[in-house]
There are 2 protein chains.
Amino acid sequence: MTAPATARSEQTRAQIVEAALRLFRERGYAGTTMRAVAEEAGVSVGNAYYYFRSKDELVQGFYDQLAADHRAASAPVLARTTDLGERVAGTLNAWLSIAEHYHAFAGRFFAVAAQPGNPLSPFSSASHAARDAELALWDDVLAGSSTRIAAQLRARLPELLWLYQLGIVLFWVHDSSPGLRRTRELVGRSAPLVARLVRLARLPTLGPVVRQAADLAASLRGS
Amino acid sequence: MTAPATARSEQTRAQIVEAALRLFRERGYAGTTMRAVAEEAGVSVGNAYYYFRSKDELVQGFYDQLAADHRAASAPVLARTTDLGERVAGTLNAWLSIAEHYHAFAGRFFAVAAQPGNPLSPFSSASHAARDAELALWDDVLAGSSTRIAAQLRARLPELLWLYQLGIVLFWVHDSSPGLRRTRELVGRSAPLVARLVRLARLPTLGPVVRQAADLAASLRGS
DNA sequence: CCGCGCATTTGAACGCGTTCAAAACTGAGT
DNA sequence: ACTCAGTTTTGAACGCGTTCAAATGCGCGG
C-alpha cells in the first residue's frame with residue numbers, strides 16, 4: 001500500500017478495488033485496462049496509480065480475501081467430522097467454492113505470483129500474513145482430526161498440506177472442465193490418499209523415511 | 001513458428017534468437033526491449049514480429065534447447081551408475097548445470113509458462129515434443145536402474161519424476177543463493193528419498209496406497 | 001481570512017509490445 | 001527483360017501500463 005489511510009482515501013481505494021474485481025470477472029485480466037478500471041471507479045488513471053503501484057497489485061485483494069474467506073468457509077466441515085480425509089477434502093473444496101468467482105483471471109494471478117521476488121508470491125515475505133493464516137487453518141485440520149500422526153511429521157504437516165493445496169490450485173488454474181469437475185475429482189481422490197499416507201507414516205518401517213521427509217520439508221523453509 | 005523456412009529466413013530467425021538470448025542474459029527479460037533485440041539482430045521491429053509472435057515466444061528456444069541438452073548432459077551419469085538415487089540426482093544436476101545460464105530470466109519464462117493455454121506451458125499440447133523427450137529421459141533413468149520397481153507404479157514413474165523435476169525447477173527459479181546452492185542441496189537430499197520411496201513401494205503393506213497413487217497419476221493425465 | 005504543508009487528483013506524455021499497409025526482394029516462367 | 005506470386009522487410013502508428021509535474025483540496029494555526 002502506497003498511501004496512509006484517511007476516510008477519503010479509503011473510499012477511493014475501495015471504489016478502485018471494487019471496480020477492478022468486477023471488471024476482471026467480466027472481461028478477464030487481459031481484457032481489462034487501467035483506463036477502464038479508473039473510469040468505472042470514477043477516478044483518473046493517475047489516481048488509480050496513486051493507490052496501487054501496478055495493475056497486478058489490484059489483484060492483491062483477491063489473495064487476501066481468499067485467505068480470510070477460506071477459514072470461514074471451512075468451519076462447517078471442520079466442526080462436523082474428525083476424519084482426516086474428510087477434513088482435508090472439505091477444506092480444499094471450501095477453497096474451490098470461494099475461488100470459483102475468480103477463475104477467469106486466476107491464470108494471470110498465479111503467473112504473476114510465480115515470479116521470484118514478487119510480493120504476490122505465496123512464498124514471499126509480503127504474503128506471510130495470508131500464508132500464516134493458511135498454515136494455521138491446516139494446523140486446525142490436523143488438530144481436530146482423530147488420526148494419530150507420527151511425531152516427527154506433525155510439526156511439518158501444515159506446510160506439506162499447504163504445498164499440496166498449492167498443487168491443487170495449480171491444477172485448478174489449468175482446469176477448463178465444466179464446473180471445474182476435474183479439480184474436484186482430484187481433491188476427492190487425493191485427499192483420502194493423503195490421509196492414508198499420514199496414517200501410514202506411523203509405521204516403524206517408514207520411520208527413517210518420515211524423518212527424512214520431515215527434514216526435507218524443514219530445509220525448504222531455510223532462508 | 002509463423003513462417004516457412006528458407007535459407008534467408010532461417011538466417012534472420014537465428015540472428016533474432018541469438019540477439020534475444022544474449023540480451024536476456026545481459027539485461028534480464030524485463031530490461032530487454034524488442035527494439036533492442038531488433039537492433040542487435042540488425043532487423044526492424046516488425047521483422048522480428050514476422051518471425052516471432054511475441055516477445056515471450058522468443059524464449060521458446062530456451063525451452064526446446066534445454067530439453068535437447070538435458071539428455072546429452074545426463075548421459076555420463078546414466079552410463080556410470082545403476083543406483084536410482086544417483087541417477088535421479090545426476091539427471092537433475094545435469095539440468096541445473098545447463099539451465100544456469102538462463103537463471104536471470106527464468107522467472108519470467110516460468111511465469112509465462114504457468115498461464116493456462118500458453119503454448120510454453122509444460123502441460124500444453126504445443127510442448128508435447130519437449131515433454132515427451134523429458135519423459136523418455138526419465139524412463140531411461142528408471143530402465144537403467146538396479147532398483148526393483150512395483151509393477152503398478154512403473155508405467156507412471158516417468159511422469160511422477162517429471163513432476164518432481166518441475167518442483168525442483170520451481171524451487172530453482174526462486175533460489176537466490178550463491179551458486180544456486182540451495183537447489184543443489186534440495187536435489188542432494190530429495191533424490192535419495194525419492195529412490196527410497198520407489199523401493200518401499202514394493203512393500204505389500206503399501207500395495208493399496210501405491211495402486212491409488214498410480215491411479216491418481218493416471219487421472220492427472222485425463223484429456 | 002490567509003498561508004502552509006500535506007494529501008489527493010489530474011491528464012498529457014512516455015516507453016514498450018505489437019500491428020499492419022506498403023515497399024522491397026526473390027525466384028520462376030514466358 | 002518483364003511479369004507474377006510469394007516472401008521478407010520496414011517503420012509509423014496504435015493501445016496499454018505507467019509516470020510525473022502541476023493543480024486542487026483539506027485541515028490547522030496564527
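Worth knowing before you read on, the calculation uses all heavy atoms, side chains too, and leaves out hydrogens, waters and symmetry mates. Here is how names work: the chains are called A, B, and so on, in the same order as the sequence lines, proteins then strands, and each is numbered from 1.
Contact between A:Tyr49 and A:Ser54 at its shortest, heavy atoms only, is CE2-CA, 4.0 Å. Taking each heavy atom of B:Arg87 and B:Ser145 in turn, the nearest pair found is NE-N, 3.7 Å.
With sequence neighbours left out, the side chain to side chain contact (heavy atoms under 4.5 Å, CB included) criterion links B:Glu185 to B:Arg181. The side chain to side chain contact (heavy atoms under 4.5 Å, CB included) check on B:Pro192 picks up nothing, with sequence neighbours excluded. For B:Leu166, the side chain to side chain contact (heavy atoms under 4.5 Å, CB included) test picks out B:Pro122, B:Phe123, B:Trp162, B:Leu163, with sequence neighbours left out.
Residue B:Thr12 has a polar side-chain atom (N or O) positioned under 4.0 Å from OP1 or OP2 of D:dT9. Distances shorter than 4.0 Å separate some side-chain N or O of B:Arg8 from OP1 or OP2 on D:dT9. The side chain of A:Tyr50 places no N or O atom within less than 4.0 Å of a non-bridging phosphate oxygen (OP1 or OP2) of C:dT9. The side chain of A:Tyr51 contributes an N or O atom lying less than 4.0 Å from OP1 or OP2 of C:dT9.
Going from atom CG of B:Leu23 over to atom C1' of C:dC16 covers 15 Å, rounded to whole Å. Here D:dC16 presents its C1' atom at 11 Å from OH of A:Tyr29, a figure rounded to the nearest Å. One interatomic measurement links the two molecules: OH of A:Tyr49 to C1' of C:dC14, which rounds to 13 Å at whole-angstrom precision. C:dC20 atom P lies 15 Å from atom CZ of B:Arg53, rounded to whole Å. In this structure, A:Gln11 atom CD and C:dA7 atom C1' are separated by 15 Å, rounded to whole Å. Rounded to whole Å, atom C1' of D:dC16 lies 14 Å from atom CZ of A:Arg27. In this structure, NZ of A:Lys55 is placed 16 Å from P of D:dG15, rounded to the nearest angstrom. Between the CG atom of A:Asn47 and the P atom of D:dA22 there is a distance of 19 Å, rounded to whole Å.
In the region residues 33-44 of chain B, proximity to DNA chain D at under 4.0 angstrom, judged on heavy atoms, holds for B:Arg35, B:Val43, B:Ser44.
Axis orientation changes by 30° from one end of the helix from C:dC1-D:dG30 to C:dT30-D:dA1 to the other, with each end axis drawn from 5 pairs and the value rounded to 10°.
Between A:Trp138 and A:Tyr164, the ring planes are tilted. Angles from 30° to 60° get that label.
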N/O donor to acceptor pairs below 3.5 angstrom from side-chain atoms of residues 14-24 of chain A, sequence neighbours left out:
from, atom 1, to, atom 2, distance (Å)
A:Glu18, OE2, A:Arg22, NH2, 3.1
A:Arg22, NH1, A:Glu40, OE2, 2.3

